[in-house]
There are 2 protein chains.
Amino acid sequence: MPMNDNSVNMNAQGGSYHHGDLRAALIEEGLAQISNSRVEKVSLRQIARNVGVSATAVYRHFPNKAALLGALCEVGSVKLSDTFRGALSDTPAGIDAFEVMGRAYVRFAIDNPSLFRLMMTKAPRAEVLQPDQEKEVGAFAMLSNTLGEVLPKDTPPELQMVKRLQAWSIVHGLSMLILDGQLPDDEKMIAAVVSRSFL
Amino acid sequence: MPMNDNSVNMNAQGGSYHHGDLRAALIEEGLAQISNSRVEKVSLRQIARNVGVSATAVYRHFPNKAALLGALCEVGSVKLSDTFRGALSDTPAGIDAFEVMGRAYVRFAIDNPSLFRLMMTKAPRAEVLQPDQEKEVGAFAMLSNTLGEVLPKDTPPELQMVKRLQAWSIVHGLSMLILDGQLPDDEKMIAAVVSRSFL
DNA sequence: ATCGGCATGTTATCAGTGTAAACATTGTGG
DNA sequence: CCACAATGTTTACACTGATAACATGCCGAT
């Protein structure tokens with residue numbers, strides 16, 4: 001029996017016509033897909049199928065596939081924020097907070113490769129012009145502000161900004177190189193590269 | 001007139017049945033496509049169409065789309081190597097060679113965003129265990145060896161390796177963040193971030 | 001020189017994708 | 001209570017990468 005396009009075989013399963021909270025279900029299934037597939041293999045139709053709904057039903061909740069992926073990114077962002085907060089709160093005194101954050105960043109990327117990629121390609125441009133944007137809660141801001149706290153107080157603002165960008169670049173670059181298979185996922189190497197020795 | 005799938009309207013253009021050097025033509029057109037499209041929009045069929053050949057003719061020269069893209073990567077690699085060599089040879093004495101290489105790396109990424117992405121996701125793992133692989137000519141090796149030359153001679157090998165990885169990470173991370181629109185394409189900022197101040 | 005085989009093209013077809021249009025069903029507020 | 005808005009469904013279309021079967025033409029052995 002060839003799967004007939006995007007049918008859903010209504011009167012087979014006991015579900016009701018209306019789903020209840022399809023939007024949330026789509027996001028959940030989308031996260032499941034992206035957690036063990038490359039991002040370019042994540043399919044709107046497959047998500048709909050797994051949720052048990054027709055492909056076009058998705059369009060009642062998202063204008064297009066990009067918007068659905070965008071919703072996944074939002075979830076990813078809070079996940080990353082939580083990871084950062086958790087890493088910081090678990091840090092015993094005397095341990096360098098920036099190194100902890102850096103390792104958490106790389107670890108998050110490794111644990112959520114496709115989602116991380118998606119987040120990076122879709123996120124809005126980081127507010128990077130003036131330091132210490134308290135309101136900003138993006139990945140860069142949390143990492144950057146942590147670095148700001150461990151830098152010497154008399155660091156001139158311009159140099160401080162450069163160091164923040166270097167820190168982000170190092171941590172992000174290392175993450176991407178590991179995700180792309182150019183560098184191995186080696187805990188010791190990660191710790192060494194992220195170490196603050198360069199500041 | 002609806003485009004009838006993958007036809008090529010033979011007796012309309014004066015071309016002969018056999019192309020002569022289709023493989024090269026496909027690579028050239030592929031490079032053209034990737035130079036002004038995102039990588040996920042590059043289409044095997046579109047390439048074939050632009051070359052004036054049926055879609056399936058491609059499969060006489062490449063087993064699948066991935067192989068064609070792989071060929072584009074190879075061209076990209078020599079392009080990057082040339083860029084590096086050119087940057088080095090244009091460097092006046094007294095200027096830090098590593099900063100020159102770093103800027104060239106970032107500039108290449110900015111000038112060839114899709115190709116650069118493709119190269120990074122397809123390249124084999126960098127040989128990174130022992131330094132100074134003379135034979136290795138990949139992006140990392142050239143950058144890394146340049147850094148090796150400007151580091152103090154008495155730097156212990158282990159520290160040297162970490163610094164090489166940090167250098168690559170910084171340069172690669174900055175490139176990706178700019179490509180993803182997270183950081184602006186600002187010459188001064190790039191120069192500052194790539195500066196060797198962190199060594 | 002011819003002729004057969006092989007390299008290199010072609011068309012037809014398939015399964016899969018995102019998306020729009022038209023139709024169906026249901027919960028809900030006047 | 002019932003129209004309507006919200007939320008589903010089916011159908012259809014233009015794409016994509018890929019396979020199978022068929023066509024053409026170059027080139028070397030007889």
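To find a chain, count down the sequence lines: A is the first, B the second, and so on, and within it residues start at 1.
Of the options B:I110, B:V106, B:N112, B:D111, a side chain to side chain contact (heavy atoms under 4.5 Å, CB included) to B:F108 is made by B:N112 and by none of the others.
For A:S35, there are no side chain to side chain contact (heavy atoms under 4.5 Å, CB included) partners at least two apart in sequence or on another chain. With sequence neighbours excluded, the residues that form a side chain to side chain contact (heavy atoms under 4.5 Å, CB included) with B:P152 are B:D154, B:T155. Not counting sequence neighbours, A:R60 has no partner by the side-chain hydrogen bond (donor to acceptor under 3.5 Å, both in side chains) test. Under the rule for a side chain to side chain contact (heavy atoms under 4.5 Å, CB included), B:E158 has no partner lying at least two apart in sequence or in another chain. Legend: residues meeting side chain to side chain contact (heavy atoms under 4.5 Å, CB included) with B:K122, ordered by chain and number and at least two apart, are B:A66, B:L69, B:C73, B:L118. Evaluation of the side-chain hydrogen bond (donor to acceptor under 3.5 Å, both in side chains) rule for B:E187 yields B:R107 as partners, not counting sequence neighbours.
At a non-hydrogen distance threshold of 4.0 Å, A:N64, A:K65 from residues 63-71 of chain A come into contact with DNA chain C. Scanning residues 31-44 of chain B for heavy-atom distances under 4.0 Å to DNA chain D yields B:V42, B:S43, B:L44.
Closest to the side chain of B:A57, out of C:dT10, D:dG17, D:dT10, is C:dT10. When each of D:dG8, C:dG9, D:dT9 is scored by its nearest atom to the side-chain atoms of A:R60, the top-ranked nucleotide is D:dG8.
Atom P of nucleotide C:dT10 and atom OH of B:Y59 are separated by 14 Å, given to the nearest angstrom. Atom CD1 in B:I47 sits about 13 Å away from atom C1' in D:dT16, given to the nearest Å. Taking atom CZ of residue B:F62 and atom P of nucleotide D:dT19, one finds them 16 Å apart after rounding to whole Å. Between B:R45 atom CZ and D:dC15 atom P the separation is 10 Å, expressed in whole Å.
Listed by first and then second residue, the side-chain hydrogen bond (donor to acceptor under 3.5 Å, both in side chains) pairs that reach into residues 22-33 of chain B are B:E29-B:Q33, B:E29-B:N50, sequence neighbours excluded.
Map A:G20 and B:Q46 each onto its nearest nucleotide of DNA chain D; the residue landing nearer the 5' end is A:G20.
A donor-acceptor contact under 3.5 Å is not formed by the side chain of B:T56 with the base of D:dT19.
When the side-chain nitrogen and oxygen atoms of B:R49 are compared with OP1 and OP2 of D:dT16, one or more of them lie within a distance under 4.0 Å. For the OP1/OP2 pair of D:dA6 and a distance below 4.0 Å, the side-chain nitrogens and oxygens of A:H61 include no atom meeting the criterion. A close approach under 4.0 Å does not occur between any side-chain nitrogen or oxygen of A:H19 and OP1 or OP2 of C:dT26.
Taken from CG in B:D82 to NZ in B:K79, the straight-line distance is 10.0 Å, to the nearest 0.5 Å.
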